[in-house]
2 protein chains.
Amino acid sequence: MKNKCWWHDKFYNFGARMTSTRRTIIDILHSTREHLSVEDIFKKVHEMNPSTGLTTVYRTLDLLEQMGMAQKYIFGDGKARYELAINRKGKGYHHHLVCVKCKTIIDYSDFTNNEIELFKATKTKLLKKYNFKIVNHVTYFYGLCGKCQNL
Amino acid sequence: MKNKCWWHDKFYNFGARMTSTRRTIIDILHSTREHLSVEDIFKKVHEMNPSTGLTTVYRTLDLLEQMGMAQKYIFGDGKARYELAINRKGKGYHHHLVCVKCKTIIDYSDFTNNEIELFKATKTKLLKKYNFKIVNHVTYFYGLCGKCQNL
DNA sequence: AATGAAAATGATAATTGTTTTCATATAGAT
DNA sequence: ATCTATATGAAAACAATTATCATTTTCATT
Ligand SMILES: [Mn+2]
Ligand SMILES: [Mn+2]
Ligand SMILES: [Zn+2]
Ligand SMILES: [Zn+2]
């Protein structure tokens with residue numbers, strides 16, 4: 001692994017090394033808008049380098065999550081799914097709409113000011129009332145996507 | 001199983017029968033404020049009737065969820081947890097605060113009018129914008145409980 | 001460029017939570 | 001009391017994830 005890239009330092013500061021498999025996985029996550037399962041990612045890695053083991057994919061995703069570079073989701077189909085926390089388009093924090101029928105996942109990030117305000121208020125309230133310090137929150141909206149409503 | 005109870009009809013309408021194990025499990029869920037794992041529930045059932053199998057506990061919880069009597073949660077420790085949807089104290093829909101350190105789970109149900117209003121608005125917005133029909137939503141607040149903040 | 005210690009990897013086995021299977025037992029309508 | 005659909009328990013199967021350990025790779029130091 002010769003040439004550096006922007007995340008080299010991130011890894012270094014975390015006491016981790018940059019390897020080609022890790023870079024491949026980051027690239028894969030970068031290049032999709034989907035919420036890939038570990039198996040999905042493994043298959044894609046395998047196309048580039050068939051000698052890579054599934055274990056390494058698990059370990060890398062775990063690392064990325066700990067570094068705050070990736071988000072892990074458990075939508076309810078029994079397998080973890082991952083997404084870059086900060087992607088190329090700067091898409092940051094967002095929620096998810098999960099179709100209970102076809103399992104499609106839609107990102108929902110266009111929050112209204114009202115929604116943003118409210119979260120801040122809730123944060124304050126929970127700290128006061130329950131002495132609970134929120135570091136993040138996750139919301140899943142379950143329902144029916146357009147297609148599935150007409151079946 | 002002789003005497004009827006209030007949920008007898010609920011079962012009947014669902015084409016399900018009332019059995020002593022099912023009643024035991026409902027009682028267990030009724031008598032706690034915790035979010036019990038399947039294993040937790042199995043242990044308690046086992047105290048009352050050691051011949052009950054774990055499979056039946058799984059099956060019963062599944063049934064209760066399908067009937068809308070229980071809620072299943074996956075908080076992130078890899079095991080499902082259950083809670084009665086409508087309990088004796090009439091506690092209904094609520095969110096959860098999950099301490100990332102000690103894994104304590106706190107119920108959070110005292111929503112402000114503002115919060116309730118906003119959810120309705122969001123529901124409408126999502127239907128309009130994504131043509132997505134929400135049937136329910138789940139929010140997990142992750143953070144540090146009072147105790148764990150001072151460690 | 002060669003060296004060496006720390007970190008990463010892959011193959012395999014082990015673990016864990018959950019589901020399936022199937023023969024037997026039970027609920028509850030008749 | 002009888003009968004049939006439903007529920008059950010034991011065991012095996014399953015699927016996702018994690019642990020183990022010998023080998024390879026990274027990268028700071030020579
Ligand atoms: Mn997303
Ligand atoms: Mn709860
Ligand atoms: Zn759908
Ligand atoms: Zn805590």
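Scope of the values below: all heavy atoms of this structure, side chains included, with no hydrogens, waters or symmetry mates. Throughout, a chain's letter reflects where its sequence line sits, starting with A, and its residues are numbered from 1. Bear in mind that the values here come from a model prediction, so they are computed numbers and not experimental data.
- A side-chain donor-acceptor contact under 3.5 Å links A/Thr124 to the backbone of A/Lys120.
- The NZ-C1' distance, from B/Lys79 to D/dA16, rounds to 15 Å in whole Å.
- The interatomic distance linking B/Gln66 (CD) with D/dA7 (P) rounds to 12 Å, in whole Å.
- Summary of helix geometry: the two end axes of the helix from C/dA1-D/dT30 to C/dT30-D/dA1, each defined by five base pairs via their C1' atoms, are inclined to each other by 30° (rounded to 10°).
- Remark: the B/Tyr108 side chain and the A/Lys125 side chain contain an N/O donor-acceptor pair separated by less than 3.5 Å.
- Note: B/Phe42 and B/His46 meet the aromatic proximity criterion, with ring centroids under 6.0 Å apart.
- Atom CG of A/Asn113 is surrounded by 12 or fewer heavy atoms from other residues, nucleotides or ligands within 6.0 Å.
- Between B/Tyr93 and B/His137, the side chains place a donor N or O and an acceptor N or O closer than 3.5 Å (distance only, hydrogens not considered).
- Donor-acceptor pairing under 3.5 Å is lacking for the side chains of A/Tyr82 and A/Asp40.
- For the pair B/Arg17 CZ and C/dA25 P, the interatomic distance rounds to 16 Å; values are reported in whole Å.
- One can place CD1 of A/Ile25 at 13 Å from C1' of C/dG10, the figure rounded to the nearest angstrom.
- In this structure, B/Leu36 atom CG and C/dG17 atom P are separated by 15 Å, rounded to whole Å.
- When the side-chain nitrogen and oxygen atoms of B/Arg22 are compared with OP1 and OP2 of D/dT8, one or more of them lie within a distance under 4.0 Å.
- No side-chain N or O of B/Asp107 forms a donor-acceptor pair with one of B/His95 less than 3.5 Å apart.
- Contact check of residues 38-63 of chain B against DNA chain D (heavy atom, cut-off under 4.0 Å) returns B/Ser51, B/Thr52, B/Gly53, B/Thr55, B/Thr56, B/Arg59.
- Donor-acceptor pairing under 3.5 Å is lacking for the side chains of A/His94 and A/Gln71.
- In this structure, B/Phe11 places its CZ atom 19 Å from P of C/dT26, rounding to the nearest Å.
- At whole-Å resolution of the value, OH in B/Tyr12 and C1' in C/dA29 are 8 Å apart.
- Between B/Phe75 and B/His35, the ring planes are perpendicular. Angles over 60° get that label, and only those under 30° would be called parallel.
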